[in-house]
2 protein chains.
Amino acid sequence: MPRDGTATRQRILDTAERLVIENGYAATTVDQVIAESRTSKGSFFHHFDSKLDLARSLVARYAAADIAHLDDAVARARAATDDPAEQVIAFVRVFEDDADELMSAQSSCLYVSILTERQLADAGTSKQIVEAITAWRTTLSTMLRAALDQRRPGHDIDTDALADHVFVTFEGAFLLCRSTGDNGHMRAQLTVLRQLLESLLA
Amino acid sequence: MPRDGTATRQRILDTAERLVIENGYAATTVDQVIAESRTSKGSFFHHFDSKLDLARSLVARYAAADIAHLDDAVARARAATDDPAEQVIAFVRVFEDDADELMSAQSSCLYVSILTERQLADAGTSKQIVEAITAWRTTLSTMLRAALDQRRPGHDIDTDALADHVFVTFEGAFLLCRSTGDNGHMRAQLTVLRQLLESLLA
DNA sequence: TCGGTACCAGACTAGTTGGTCTGGTTCCTA
DNA sequence: TAGGAACCAGACCAACTAGTCTGGTACCGA
């Protein structure tokens, strides 16, 4: 029997993330996480002080991956073209192309589950979510401002809000997929978002 | 002591709706609903067979109000102008103008809470949510098709997906408001949505 | 006036939940 | 090779949860 603490911890986090996204945080029991990650109560509470501590670790890991995903997409968009407006479109295309495999990997976003349970939002977990949202806003707002200044000088658009709209589209699309179980909505929504941005930056 | 069953039932529903939107379904206990609606266990289980039955009643009422809200906005948009494209913009403006009071009445959407808890989504509650989403899609898709055929003949836009994008913007904006507690995001997102549609239907 | 029905109150219960505790195993270091 | 630290197993517990049951009150038709 090997003793590898970090492996067990990761297994717990993976299982918990899946269950929380699937059923929500309150509906996910510690016993369930233990059973499905093939470990024990002693092990669980060795790695996490409480269920709330698990939630915080979960969000921290998820938000870090989310920001990494963002940075990667921005890098790819910048590598594709030097034109600011085309970079914006390329950015959306990165996610549009990956939409199907994204949805097969996770049927929804952890943020949704965490934010709907106020007990968590008040308990320090929301801070990291806000940081991730801010990262998206800051990065995209800059890109959008450059693109709009070039294509639509003198526009009256709030680039922060437009940047948020990308994030909003993701979260809303996750919900839409969830309602019918049809994951195809994610790609369709990203396509629509791109077409809207194309008409704005034409 | 007056005996008015329907009044008590409504009070329970009002309280439960507030609590579920605020804390989520699983995190909302029957005892809590009873306490805050100033009634008793006997009364609660007289009006509702189970907690799940409450959830179903809650969604039914909410979805009906949602569709009524939609129909009202469409009627107002049609009264404002005969031009299809201008109707679309007027429709969004109805919600844009009412955004602040909408957010003060409810800090989030019941759909989000219900959809994140899979136990409910599988238990017949999602059917009514899907019906409401379909109503939005059908109504708006028709409006959008007329507008696009006029302003952008030969376009390649999926009007169903574009119609869904309006719904998606609402749900995503609710989430965004929730993350920071800043309800101003709702109006900002609706403004951005309108500006994007204006550029598309210019 | 009487009996049935809708409505309501609150004690009670069986099952579940997060969390604790004791004991044991592996590994690292001195 | 001894002993401490990290890791893990699972019995156990106190608190809580949805739902039941018994008893009682207002109303309505006969």
Side-chain angles (χ1 to χ4, degrees), chain A residues 1-20 22-59 113-114 116-125, chain B residues 1-20 22-59 113-114 116-125:
Chain A
M1 190 79 76
R3 288 280 150 131
D4 188 352
T6 58
T8 304
R9 189 188 158 89
Q10 290 307 314
R11 223 171 49 239
I12 293 174
L13 284 171
D14 290 343
T15 305
E17 182 175 306
R18 204 186 71 238
L19 289 173
V20 169
E22 196 68 16
N23 308 321
Y25 171 77
T28 299
T29 69
V30 173
D31 285 341
Q32 204 179 350
V33 173
I34 288 165
E36 299 204 18
S37 62
R38 286 161 297 116
T39 178
S40 66
K41 221 129 205 202
S43 181
F44 181 93
F45 284 100
H46 171 75
H47 290 289
F48 304 97
D49 290 344
S50 64
K51 192 187 174 187
L52 187 62
D53 183 37
L54 168 71
R56 280 194 267 255
S57 304
L58 225 44
V59 174
S113 304
I114 298 296
T116 50
E117 319 240 352
R118 183 74 74 176
Q119 48 176 320
L120 296 177
D122 289 342
T125 54
Chain B
M1 189 79 76
R3 287 283 149 130
D4 189 350
T6 57
T8 304
R9 189 187 157 89
Q10 290 307 313
R11 221 170 52 239
I12 292 173
L13 284 171
D14 290 343
T15 305
E17 182 174 305
R18 202 187 74 239
L19 289 173
V20 170
E22 197 66 16
N23 308 320
Y25 170 77
T28 299
T29 69
V30 173
D31 284 343
Q32 202 178 352
V33 173
I34 288 166
E36 298 204 19
S37 62
R38 286 161 296 117
T39 178
S40 66
K41 220 121 205 209
S43 180
F44 181 93
F45 283 101
H46 171 75
H47 290 289
F48 303 97
D49 290 343
S50 63
K51 193 187 173 186
L52 187 61
D53 183 38
L54 168 72
R56 279 194 269 254
S57 303
L58 225 45
V59 174
S113 304
I114 299 297
T116 49
E117 320 241 352
R118 182 75 74 176
Q119 48 176 321
L120 296 176
D122 289 344
T125 53

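Any value given below was found using the heavy atoms of this structure, including those in side chains, with hydrogens, waters and symmetry copies removed. Throughout, a chain's letter reflects where its sequence line sits, starting with A, and its residues are numbered from 1.
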Task: Closest heavy-atom pair and its distance - B:D53, B:H47 - done: OD2-O, 4.3 Å
Task: B:D14 and B:R18: CA distance, side-chain angles, deciding distance, side-chain contact (heavy atoms from CB on, under 4.5 Å) verdict - done: CA-CA 6 Å; B:D14 290 343; B:R18 202 187 74 239; over 6 Å; no
Task: Verdict with supporting geometry, B:H46 and B:T8, side-chain contact (heavy atoms from CB on, under 4.5 Å) - done: CA-CA 11 Å; B:H46 171 75; B:T8 304; over 6 Å; no
- [ ] Find the distance B:F44:CZ to C:dA11:P and express it as a whole number of Å.
- [x] 18 Å
TODO: For DNA chain C, find the residues of residues 10-20 of chain B with a heavy-atom distance under 4.0 Å and give them by number; none if there aren't any.
DONE: none
Task: Distance in angstrom units between A:D49 CG and C:dG19 P, rounded - done: 10 Å
Task: Closest contact, heavy atoms only, A:Y25 versus A:K51 - done: O-NZ, 3.0 Å
TODO: Give a yes/no on whether any side-chain N or O of A:H47 is located under 4.0 angstrom from OP1 or OP2 of D:dC8.
DONE: yes
Open item on the list: Looking at C:dC8, I'd like to know if its phosphate oxygens (OP1 or OP2) sit under 4.0 Å from a side-chain N or O belonging to B:H46.
Closed with: no
Open item on the list: To check you understand the geometry: which heavy-atom pair defines the closest contact between B:A27 and A:E117, and what is its length?
Closed with: CB-OE1, 4.1 Å
TODO: Show your working on side-chain contact (heavy atoms from CB on, under 4.5 Å) between B:I34 and B:I12 and close with a plain yes or no.
DONE: CA-CA 7 Å; B:I34 288 166; B:I12 292 173; over 6 Å; no
- [ ] Using atom CG of B:L52 as one end and atom C1' of D:dT17 as the other, report the distance to the nearest whole Å.
- [x] 15 Å
Open item on the list: Between A:D31 and A:K41, is the side-chain contact (heavy atoms from CB on, under 4.5 Å) condition met? List the steps.
Closed with: CA-CA 8 Å; A:D31 285 341; A:K41 221 129 205 202; 2.9 Å; yes
What's touching nucleotides 12-18 of chain C from the protein side, N or O pairs under 3.5 Å?
| unit_1 | atom_1 | unit_2 | atom_2 | d |
| --- | --- | --- | --- | --- |
| C:dG18 | OP1 | A:K51 | NZ | 3.1 |
| C:dG18 | OP2 | A:V30 | N | 2.9 |
| C:dG18 | N7 | A:K41 | NZ | 3.4 |

Task: Test applied, side chain to side chain contact (heavy atoms under 4.5 Å, CB included); reference residue, A:T15; option that passes from A:Q10, A:R38, A:E36 - done: A:E36
Open item on the list: Just N and O in the side chain of B:T8: are any of them under 4.0 Å from OP1 or OP2 of C:dC8?
Closed with: yes
